Amino acid sequence: MDSTQDQTHVGPPTAAASSTFAAPLADPLYYLRNFGRLLAWVAVRYDDLLNDTERAFVSDFNALPEASQGLLVRLVMRRGALFRRSRITYPELGDIGVGAAPLLALGWLGEDPELDAETLSALITRPELQSLLAETDTLTKATLRQARKPVLADALAAQRPGDHRFSDWCGAAGAPAASLARDRLFSLTIMPLCERLRLMFFGNLYQDWSTFVLTELGHQRFEPVPLTQDSRAFTCRSDIDTALALHQCRESLEAGTAPEDVAARMPPAPTLSWLQARHDRLRYLLGRQFERVGNHQAALDCYHPSALPDAAIRRIRVYEQSDAADAALALACEVQAQPPSEEVALQVRRMLPRLYRKAGQSRPSPEKEAQEEPAIATRTLALDQTPDTRVELAVQAHLDAEMPGSRVYYLENALFSSLFGLLCWPAIFAPLPGAFFHPFQSGPADLRHNDFARRRQALFDACLAPLASGQASDEHRGIIIERYRKHHGTQSPFVYWGALSEALLDEALACIPPTHLQHIFQRMLASPERHRSGFPDLIRFFAEENRQGSRYELIEVKGPGDRLQDHQQRWLTFFAHHGIPASVCHVVFPAESQQP
DNA sequence: ATTCGTTCAG
DNA sequence: TTCACACACTCTA
DNA sequence: GAGTGTGTGTCTCTGAACGAATGA
Ligand SMILES: [Mn+2]
Ligand SMILES: [Mn+2]
């Protein structure tokens with residue numbers, strides 16, 4: 001089962017004995033082997049996309065002694081790029097100085113780099129920092145002793161502004177702590193190249209080197225999908241450059257860099273479609289930031305063109321905010337004629353009356369179709385206010401107590417998403433070209449694409465077929481339970497293993513008619529990324545059919561001051577339309593004055 | 001002394 | 001690399 | 001009601017070790 005990996009042999013070595021016990025690894029240099037596997041994998045599949053420097057890195061690395069290889073890998077796996085010699089302790093690598101020498105000679109490691117006070121303070125302890133500070137008028141002995149570390153770091157920056165070598169920081173005036181004076185600092189200069197290799201292998205930068213060992217130890221499990229020698233995340237070098245640049249732009253945006261400065265560093269729009277989507281998403285975030293600083297034109301440039309449906313809404317809003325009511329109205333009408341998504345259509349419908357008013361026009365037609373929507377059942381529940389408890393849990397407890405024969409679960413999206421993921425497992429993990437390219441993927445790379453379902457239409461139809469074969473059929477139950485057992489714990493973008501148990505699945509599948517699942521799954525399939533969320537908080541199972549002839553109900557809990565979100569609204573409307581029992585439960589806390 | 005958060009290792 | 005949700009605030013009908 | 005921003009818990013495994021901050 002696990003042996004469908006191809007020849008290059010990355011990934012779990014048939015982790016049959018993956019127990020919950022951390023079986024100690026036989027090889028103390030396991031991390032080096034894993035790094036080597038990644039290197040070999042990339043070298044085989046990406047030879048045409050590597051430049052001379054990168055190819056040289058691969059061969060130079062392979063020629064190094066193990067102590068140096070191991071040291072480099074250890075540092076690459078660690079956070080940051082600056083390391084104190086005293087913090088590098090690896091018994092299995094022998095003398096660190098010996099291992100470091102070849103790395104210094106290759107220029108992959110730098111020695112005694114320059115750094116500013118803030119960076120330095122992150123590398124040293126508070127007592128060490130204190131030892132570098134001189135008493136002054138503004139820095140009294142008392143503050144020097146009591147102040148918190150960031151304050152001391154600022155003080156040091158004031159006393160010695162700018163960048164200095166580590167040895168200069170530590171060998172200068174005052175009485176530097178002995179632990180500092182004796183220490184040396186290394187900088188890992190080869191890091192960017194290693195990041196690029198990691199990106200090429202994983203197709204993203206959020207999976208790190210530890211993925212290998214975690215899988216080996218059985219802490220993470222991935223579905224084995226057959227891969228071919230030409231499976232890879234990127235097909236041209238410029239796409240890799242773009243992905244790296246996007247990552248840097250996102251990081252600097254999140255770090256608070258001005259949007260103008262981030263925009264200046266944005267790479268051009270890529271051709272690769274998933275990368276294009278990532279590009280549009282970042283431009284959307286950038287646009288929001290431009291809006292906040294009042295740069296309307298720049299925001300508009302971020303929103304158009306864009307494949308992101310929400311970008312259209314933002315364009316309308318920006319026109320409205322810029323007092324360009326006519327432009328806003330015109331665009332809104334245009335979007336309404338061809339809405340990029342159901343949710344956007346809903347939002348535009350909500351905006352239109354206001355926009356007509358602002359533009360000084362009257363609405364063309366009242367549009368009676370609004371009445372077509374079926375009503376959503378609502379109830380109000382008075383509860384005693386319990387601090388430190390979520391209202392969902394309070395309602396769950398209340399309903400549990402209210403009817404002893406029923407069971408209530410607080411699952412939100414977990415249940416239906418998981419049922420979908422289990423039933424459609426073969427379609428989701430089908431080895432379509434380009435969907436899988438390394439052994440540690442939790443799902444296909446094109447999961448978020450518009451054509452994700454279309455590309456697998458026949459597969460999904462086959463998976464969902466059991467739901468349609470007759471009203472009282474049990475076929476889907478057996479399939480889902482079997483998949484639950486077979487794939488238990490294997491990463492999937494849809495299955496929430498932590499929320500599931502076989503008993504829960506049994507109960508759910510006994511109580512929810514397959515036709516209901518069919519309707520819900522069809523809607524999820526229409527847009528997996530947008531329709532994966534918005535499910536009601538609670539689900540309640542009854543021992544017997546209630547008055548409406550149902551054995552379950554869905555309940556969205558709303559505390560005081562909370563409102564239905566758009567996608568929750570859409571699901572509830574959908575449920576009402578298809579006779580799926582769902583309701584909203586508004587919780588009120590009766591003003592309980594202190595009466596006996 | 002204790003708590004809390006971060007980093008590292010397997 | 002989150003994401004999804006609740007909740008709090010402001011402004012306008 | 002509509003729009004916006006913010007905080008929280010959950011994610012990716014779990015535990016040891018360390019350091020920072022707080023309290024007795
Ligand atoms: Mn909820
Ligand atoms: Mn709710």
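A, B, ... follow the sequence lines: proteins, then strands. Residue 1 opens every chain. Worth saying up front: this structure is predicted, and the values here are computed from it rather than measured.
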B:dG10 phosphate, OP1 or OP2, under 4.0 Å from A:Asn34 side-chain N/O: no
Greater than 12 external heavy atoms within 6.0 Å of A:Arg379's CZ: yes
Parallel, tilted or perpendicular: ring planes of A:Phe416 versus A:Phe575, cut at 30 and 60 degrees: tilted
Touch class at under 4.0 angstrom, heavy-atom based, for A:Glu392 against every strand present: sugar-phosphate
Sugar-phosphate, base or nothing in reach of A:Met351, heavy atoms under 4.0 Å: sugar-phosphate
Residues A:Gln569 and A:Asp566: side-chain donor-acceptor under 3.5 angstrom: no
Atom P, compared across D:dG9 and B:dA1: separation rounded to whole Å: 32 Å
Euclidean distance, atom CG of residue A:Leu25 to atom C1' of B:dA9 [Å, nearest integer]: 10 Å
Under 3.5 Å on both distances, the Watson-Crick or G-U partner of D:dT10: none
Whole-Å gap separating C1' (C:dC11) and CZ (A:Arg354): 11 Å
Distance in angstrom units between A:Arg78 CZ and B:dC8 C1', rounded: 7 Å
Parallel, tilted or perpendicular: ring planes of A:Phe212 versus A:Phe202, cut at 30 and 60 degrees: perpendicular
Any donor-acceptor N or O pair under 3.5 Å, side chains A:Arg283, A:Tyr303: no
Range on DNA chain D touched by chain A, heavy atoms, distance below 4.0 Å: D:dA2 to D:dT22
Sugar-phosphate only, base, or nothing, as touched by A:Asn204 at under 4.0 Å among non-hydrogen atoms: nothing
DNA chain C: 5'-proximal contact among A:Tyr410 and A:Arg281 (nearest heavy atom): A:Arg281
Touch class at under 4.0 angstrom, heavy-atom based, for A:Pro493 against every strand present: nothing
Whole angstrom value for the distance that separates C1' of C:dT12 from CZ of A:Arg350: 15 Å
Residues, nucleotides or ligands: over 12 heavy atoms within 6.0 Å of A:Gln321 CD: yes
Side-chain donor or acceptor of A:Arg84 paired with backbone N/O of A:Leu123 under 3.5 Å: yes
First encountered from the 5' end of DNA chain D, between A:Arg288 and A:Gln220: A:Arg288
Rounded distance in Å - CZ (A:Phe535) to P (C:dA6): 14 Å
A:Arg448 side-chain N/O to C:dC3 phosphate OP1/OP2 under 4.0 Å: yes
Exam field: side chain A:Trp571 to backbone A:Ser533, donor-acceptor pair closer than 3.5 Å: yes
Distance under 6.0 Å and angle within 45° of ring axis: A:Arg523 vs A:Phe574: yes
DNA chain D-proximal residues of residues 309-322 of chain A, any heavy atom under 4.0 Å: A:Arg314, A:Arg317
Residue closer to the 5' end of DNA chain C, A:Val557 versus A:His247 (nearest nucleotide): A:His247
Value in whole Å for how far the C1' atom of B:dA9 lies from CG of A:Asp27: 15 Å
Polar side-chain atom of A:Asn413 near backbone of A:Gly534 as donor-acceptor pair, under 3.5 Å: yes
Backbone N/O of A:Ala324 and side chain of A:Ser322: donor-acceptor pair under 3.5 Å: no
Near-strand residues of residues 560-567 of chain A, defined as heavy-atom separation under 4.0 angstrom from DNA chain C: A:Asp562, A:Gln565, A:His567
Whole-Å gap separating P (B:dC8) and CG (A:Leu214): 15 Å
Sugar-phosphate only, base, or nothing, as touched by A:Tyr30 at under 4.0 Å among non-hydrogen atoms: base
Interatomic distance at P, D:dT8 relative to B:dG5, whole Å: 12 Å
Any A:Arg74 side-chain N or O less than 4.0 Å from OP1/OP2 of B:dG10: yes
Residues, nucleotides or ligands: over 12 heavy atoms within 6.0 Å of A:Arg265 CZ: no
C:dA4 phosphate, OP1 or OP2, under 4.0 Å from A:Gln568 side-chain N/O: no
Parallel, tilted or perpendicular, as decided by the 30° and 60° cut-offs, for the rings of A:Trp425 and A:Phe429: tilted
Touch class at under 4.0 angstrom, heavy-atom based, for A:Phe202 against every strand present: nothing
A:Gly498 or A:Arg292, whichever maps to the more 5' nucleotide of DNA chain D: A:Arg292
Whole-angstrom distance between D:dC11 and D:dG15, as gauged at atom P: 16 Å
Six-ring centre of A:Tyr31, A:Arg74 cation under 6.0 angstrom, axis tolerance 45°: yes
Distance, rounded to the nearest Å, where A:Asp208 contributes CG and B:dA9 contributes P: 12 Å
